Undergrad: 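After the structure tokens below, expect a handful of questions from me.
Counting starts at 1 for both ligands and their atoms, in listed order. Scope of the values below: all heavy atoms of this structure, side chains included, with no hydrogens, waters or symmetry mates. Computed from a predicted structure; not experimentally measured.
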Amino acid sequence: MKNIKHSWAEPYKIKMVELLKMTTPAQRKKAMQDAGYNTFLLKSEDVYIDLLTDSGTSAMSDRQWAGMMMGDEAYAGSRNFYHLESVVKDIYGYKYLIPTHQGRGAENILSKILIKKGDIIPGNMYFTTTRLHQELAGGKFEDIIIDEAHDPENDFPFKGNIDLNKLDKLIKKYGAKRIPYVSMATSVNMAGGQPISMKNLKELRAFTKKHGIRVIHDMTRVAENAYFIQQKEKGYKDKTIREIVKEINSYTDGATMSAKKDALVNIGGFLAVNDWDVFEEARNMVVVYEGLHTYGGLAGRDMEAMAIGIGESVNDDHIKARVGQVIYLGEKMLEYNVPIVTPIGGHGIFVDAKKFLPHISQDQFPAQTLAAEVYLDAGIRTMERGVVSAGRKANGENYYPKLELVRFTIPRRVYTQAHMDVIAESVARVYERRNKIKGMKMIYEPKYLRFFQAKFEKL
Ligand code: PLI
């Protein structure tokens, strides 16, 4: 009896299905060429299993759909806003709420309020939209994540941690006055969904307090981070996800949230702060960029679905199955010797394209190439997270990130274990023929966030 495994399973059953189109290799070849070898430019109906992102792609529950029918679509003072506000206070612990249409809406407002020209914003690895808003507001992002995060094979369990020595050096170099806040993300997306530990967060809080620097939390995937703390950090195994999430937030001064991830909705986000002055300024500004402060670009029904989704997102059974499915896929890929970022993160598997295609130089876009090849094999859509996503510096030079990854992002509550098997087998097939794969050149490059619309040609 002792050796029988205790498997996780989904804490829900399926009530409605969406049919998928199956494609032939010839159809996929044409679709990929038409898309300029950029998976963002594929038509969704040409995709079999869509792992482009976990953003806005979750399946909502029957309770969330019922909530949608309870939308109060008043221009001002919708009851759904007050419901959301009470949930953000109660579950997340932040005092003041500004709803926004999605995460970057909150990033825009926050960056404009807190950042002055010439400021430095240290953070645990950049995220594309977050860094761009910081730069557009006149700031400069500085990466202070621990070195382990840049090594895909390092098995340290909390690769999202912040290196306080790096922060200290920045303070000594620029002075605390030029650092408006530390941009701290839970489940660091670009590092492979890697968590930050509670211990590190507590140390960060104490250190920043000493220097009078705020901590702003990108809480897009906070529940997934909480799961790793519960499973791996001493002293947390008997705490609930809900308790851990609240504790994480308690060490920060405010947060930007893309509710399209953890919070299980297809659209929505918010800015939440504890500081009245920042709130007041944000409440002024949201009217300019998003909408009135009681809807922020969202319909009443969207806010209701978000309020209910936040509650579901901190349920222990939900998060165990959610991350369990990601780990299942990662372990399957490892069985086929596919090089992936380890430890396996919370929202997807990140395949190490430098190691998968060592004969392709970073100038020939190994991760972009691999994402195209994976689509061609079985219609699985993934995303480049490497030199294309990293973009260019203010002086026009490319950023060359150490990590050159293809992200297989798992939408929440959408695909089954059989889909995971199909994905792992497809990647294993591409891995078998890896030596024959050639790189690409970029033939069209947009000015901002180029990965969304750039086009490529095979060499
Ligand atoms: O896509 P938005 O504007 O709702 O959120 C922006 C955003 C902010 N922070 C983090 C960590 C994100 O992952 C994020 C969006 N991520 C996307 C779209 C993704 O595919 O990962």
Side-chain angles (χ1 to χ4, degrees), residues 38-40 44 50-58 98-111 121 123-136 141 143 145 149 159-160 183-196 216-225 248 252 254-272 286 289-290 296-298 302-303 305-306 309-310 326 341 345-350 367 371 381-386 388-391 403 405-412 414 448-449 451-453:
N38 184 344
T39 51
F40 276 101
S44 152
D50 203 345
L51 308 183
L52 186 70
T53 177
D54 62 330
S55 179
T57 51
S58 298
I98 299 281
T100 57
H101 77 285
Q102 57 184 81
R104 68 199 72 181
E107 290 168 354
N108 174 38
I109 292 171
L110 181 89
S111 303
I121 299 93
N124 52 349
M125 208 172 263
Y126 82 100
F127 183 72
T128 54
T129 59
T130 321
R131 184 178 68 191
L132 184 56
H133 279 299
Q134 291 161 355
E135 288 171 352
L136 290 173
F141 177 83
D143 192 2
I145 202 163
K159 280 159 91 174
S183 182
M184 184 282 295
T186 35
S187 287
V188 180
N189 191 354
M190 302 299 274
Q194 301 296 324
I196 181 168
I216 298 294
H217 179 195
D218 181 340
M219 64 179 304
T220 296
R221 297 180 181 86
V222 66
E224 288 163 9
N225 196 118
I248 292 173
T252 70
T256 53
M257 172 63 152
S258 169
K260 301 171 72 174
K261 284 84 165 170
D262 242 16
L264 298 163
V265 286
N266 304 122
I267 192 73
F270 60 76
L271 171 64
V286 73
Y289 293 103
E290 302 281 319
L298 296 168
D302 298 328
M303 291 188 282
M306 199 196 307
I310 289 170
V326 175
V341 174
H347 66 300
I349 302 304
F350 290 67
R381 170 155 70 171
T382 58
M383 182 199 291
E384 191 263 10
R385 292 272 88 147
V388 185
S389 293
L403 298 177
L405 309 172
V406 177
R407 189 180 73 171
F408 291 65
T409 345
I410 315 296
R412 296 165 186 80
V414 172
Y448 296 118
L449 302 176
F451 57 96
F452 283 128
Q453 287 146 355

Undergrad: Collect the protein residues that have a non-hydrogen atom under 4.0 Å from ligand 1 and hand them over in chain and number order.
TA: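 These residues qualify: Thr53, Ser55, Gln102, Gly103, Arg104, Glu107, Phe127, Thr129, Asn189, Asp218, Thr220, Arg221, Ser258, Lys260, Lys261, Met383, Arg407.
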Undergrad: Set out, in order, the CA-CA distance, both residues' side-chain angles and the distance that settles side chain to side chain contact (heavy atoms under 4.5 Å, CB included) for His133 and Phe127, then state yes or no.
TA: CA-CA 10 Å; His133 279 299; Phe127 183 72; over 6 Å; no
Undergrad: So, Glu107 versus Thr129: side-chain donor-acceptor pair below 3.5 Å or not?
TA: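 Result is yes, a qualifying pair exists.
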Undergrad: To the nearest 0.5 angstrom, please state how far the CG atom of Asp54 sits from the CG atom of Leu264.
TA: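 Going from CG on Asp54 over to CG on Leu264, the span is 10.5 Å.
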Undergrad: Working note: Arg385 + Asn189, criterion side-chain hydrogen bond (donor to acceptor under 3.5 Å, both in side chains); need CA distance, chi angles, decisive distance, verdict.
TA: CA-CA 10 Å; Arg385 292 272 88 147; Asn189 191 354; 5.2 Å; no
Undergrad: Between Arg381 and Asp50, does at least one N-O distance fall below 4.0 Å, as a salt bridge requires?
TA: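 Yes, Arg381 and Asp50 are salt-bridged.
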Undergrad: So does Phe452 have more than 12 non-hydrogen atoms from other groups sitting under 6.0 Å from CZ?
TA: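 For Phe452, atom CZ is crowded (more than 12 foreign heavy atoms under 6.0 Å).
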